[in-house]
There are 2 protein chains.
Amino acid sequence: MIVLKGAEVSAKIKAEVQRILENSEGQVPRLAIVRVGERPDDLSYERGAMKKMEAFGLEAKSYGFPETISDAEFKEEFKKINEDPEVTGILVLKPLPKHICERDIENMMDPGKDLDGISPVNIAKVFAGDSSGFAPCTAEAVVEVLKANGIPIAGKRAVIVGRSMVVGKPLAMLLMKENATVTVCHTKTVDLPGTCRNGEILVAAAGRAKMLDGEYVGPGAVVIDVGINADGNGKLCGDVDFESIEGKAAMATPVPGGVGAVTTAVLARHLALAALGAGQ
Amino acid sequence: MIVLKGAEVSAKIKAEVQRILENSEGQVPRLAIVRVGERPDDLSYERGAMKKMEAFGLEAKSYGFPETISDAEFKEEFKKINEDPEVTGILVLKPLPKHICERDIENMMDPGKDLDGISPVNIAKVFAGDSSGFAPCTAEAVVEVLKANGIPIAGKRAVIVGRSMVVGKPLAMLLMKENATVTVCHTKTVDLPGTCRNGEILVAAAGRAKMLDGEYVGPGAVVIDVGINADGNGKLCGDVDFESIEGKAAMATPVPGGVGAVTTAVLARHLALAALGAGQ
C-alpha cells in the first residue's frame with residue numbers, strides 16, 4: 001500500500017503560492033482567523049494554520065473572542081474584520097457557540113474574503129462547478145491529494161462517507177466536476193461496507209474514529225481519510241483503521257500526516273488568490 | 001408495472017395550495033413568467049404554467065421580450081419586475097439568449113420571489129438541506145412523486161442520470177436530505193447501465209430521448225422520468241424507453257403525464273408560499 005503523504009502535496013501547493021506572490025504586488029496577503037472560545041481543536045487548528053501561512057510567506061492574525069460574547073457584539077466585531085482593508089481573507093473556526101447565529105455570519109461574509117467557502121455565493125459556485133470562487137478547503141484538499149499524486153478521477157467510482165457542508169457535499173460537487181461518478185453515503189445508508197467496497201476512490205469524512213476498516217475497502221481502492229479524531233487512548237487518528245486496510249487499498253492517506261497538511265496549504269492558496277481578487 | 005401519473009400528485013398539491021390560500025389574506029398571489037424570444041419549448045411551458053396557476057386559483061402574467069433585447073435593457077426590465085410589489089414570484093424561462101448574462105440575473109433575483117431556485121441564496125439553502133427557501137421545481141417534483149405515492153426514500157439507493165443545475169444536482173441534495181444513498185451519473189460514467197441497475201430509485205434527467213431502456217433498470221426499481229424530448233417522429237417522449245422497462249421496473253412515470261404536471265404544481269405551491277413570505 002502506497003502511503004499518500006500530505007507534506008508532498010503541500011510542498012507543491014507552496015511552490016504554486018510562491019508563483020502567485022511573485023506575480024502580485026503590494027502588501028503581503030493577511031489571513032484573519034476568527035475564533036470564539038478556546039476549544040482545544042480550534043486552538044490546535046489555529047496554530048497549524050498560523051505556522052503554515054508563515055512558512056508560505058503569508059501573514060496571519062488571530063482574532064479571539066470570549067465564549068461569552070453576545071451575538072450582537074460578535075457580529076459587530078466580525079463586521080469590522082470583514083470590512084478591514086488590511087484583511088485579505090477570513091477563516092471562521094466553526095462551529096461557533098450556539099448563541100451566535102452562524103447563518104448570519106455566513107450571509108455577512110464578503111465572498112472575496114471567504115477562504116473556506118461558507119458564504120451563499122461561494123456555495124452556489126461550488127454547486128455550479130464554477131471555480132472562480134472558494135470551495136471549502138478540506139473538500140478541495142481531497143481533490144488536490146488525488147491530482148498531485150496523478151490518480152485519475154474521471155470516470156472513476158468515488159464513494160464519500162459523510163454528507164457535511166464542509167466536506168461531503170462540496171466534495172461530491174468537486175469530484176463530479178472532475179467527471180467522477182459520485183455516491184454519497186451517510187448514517188442511513190443500508191449496507192455501508194458493500195457500498196464503500198464499490199468505490200475506486202473512497203473518501204472517509206464521517207467524523208468517527210477508525211470507523212472504516214478493511215471490510216469497507218475494495219481491492220485496489222484509493223482511500224482518502226479526512227477524519228481527525230482521538231482514539232480510545234487520546235491519540236490522533238482518522239476515520240479509517242489504517243492497519244486493517246493494508247493489502248486491500250492500493251493507496252491511502254495517513255492521519256496525521258495526510259489531508260490535514262493539505263487543507264492548510266489550500267487555505268494559503270486561497271489567501272494568495274484572494275489578494276488577486278479571486279472570489280469577488 | 002404501476003404507472004405513476006402526475007395528475008394525481010398534482011391534485012394533492014392543489015389541495016395543499018388551497019389550504020395555504022385559505023389561511024392567507026389579501027391579494028391573490030401573482031406569478032411573473034419572464035421570457036426572452038419565442039422558443040416553442042418556452043411558449044409551451046408558459047401556456048402550461050399559466051393554465052395551472054389559473055386552475056389552482058392563482059394569477060399569472062407573461063412578460064415576453066424580443067430576442068434582440070440587449071443585456072442592459074433586459075436587466076432594466078427584469079429589475080422592474082423583480083421590484084414590483086404586485087409580483088409575488090418570478091419564473092425566468094431558461095436558457096436565456098447567450099448575449100444576456102444569466103448569472104447576473106440569478107444574482108439580481110429576489111430570493112423571496114425566486115420560485116425556481118436560481119439565486120445563490122436558494123441554491124445554498126438546497127445544498128444545506130434548509131427547506132426554508134425554494135428548490136428548483138423539477139427537482140422537487142421528483143421527490144413529490146415519490147412521497148405522494150408512498151414510495152420509501154430513506155435508506156434506498158437512488159441513482160440520478162444527469163448533473164444539471166435544474167435537476168441532477170439539486171435533486172441529489174433533496175434525496176440526500178430524505179436519507180437516500182445517492183449516486184449521480186453522467187456522460188463520463190463508466191458502465192452506465194450497470195450503475196443504473198443498482199438503483200432502487202432511478203431518475204432519468206439526461207435530456208436524451210429514450211436513452212434508458214430495460215438494460216438500465218434493476219428488478220423492481222422505481223423509475224422517474226424527467227426528460228421532455230421529441231422522438232424521431234416529433235412526438236413527445238421522455239429519457240426512458242417506456243415500453244422496454246415493462247416487466248423490470250415496479251413503477252414508472254410516463255411522459256407526457258408524469259413529472260411535468262407535478263413541476264407546475266410545485267411552482268404553484270412555491271407561489272402560494274412566497275405570498276406568505278417563504279424564501280425571504
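Lettering follows sequence order; numbering is per chain, from 1.
Among residues two or more places apart in sequence or in another chain, the side-chain contact (heavy atoms from CB on, under 4.5 Å) test is passed with B:Thr264 by B:Tyr45, B:Ala49, B:Lys52.
Residues of residues 202-223 of chain B never come closer than 4.5 Å to chain A when only heavy atoms are counted. Within residues 146-180 of chain A, the residues approaching chain B closer than 4.5 Å by heavy atoms are, in numerical order, A:Gly155, A:Arg163, A:Met165, A:Lys169, A:Pro170, A:Met173, A:Met176, A:Asn179, A:Ala180. Scanning residues 106-119 of chain B against chain A with a 4.5 Å heavy-atom cutoff picks out nothing at all.
With a 4.5 Å cut-off on non-hydrogen atoms, B:Asp130 touches chain A through its side chain but not through its backbone. The contact between A:Val182 and chain B is made entirely by backbone atoms, counting heavy-atom distances below 4.5 Å.
More than 12 heavy atoms of other residues, nucleotides or ligands shown are found within 6.0 angstrom of CD1 on A:Ile100. Within a 6.0 Å sphere centred on CD of B:Glu102, other residues, nucleotides and ligands contribute more than 12 heavy atoms. Within a 6.0 Å radius of CG in A:Leu96, more than 12 heavy atoms belonging to other residues, nucleotides or ligands are found.
In this structure, CG on B:Asn198 lies 8.0 Å from OG1 on A:Thr183, to the nearest 0.5 angstrom. Taking CG of A:Leu192 as the start and OG1 of B:Thr181 as the end, the distance is 8.0 Å to the nearest 0.5 Å.
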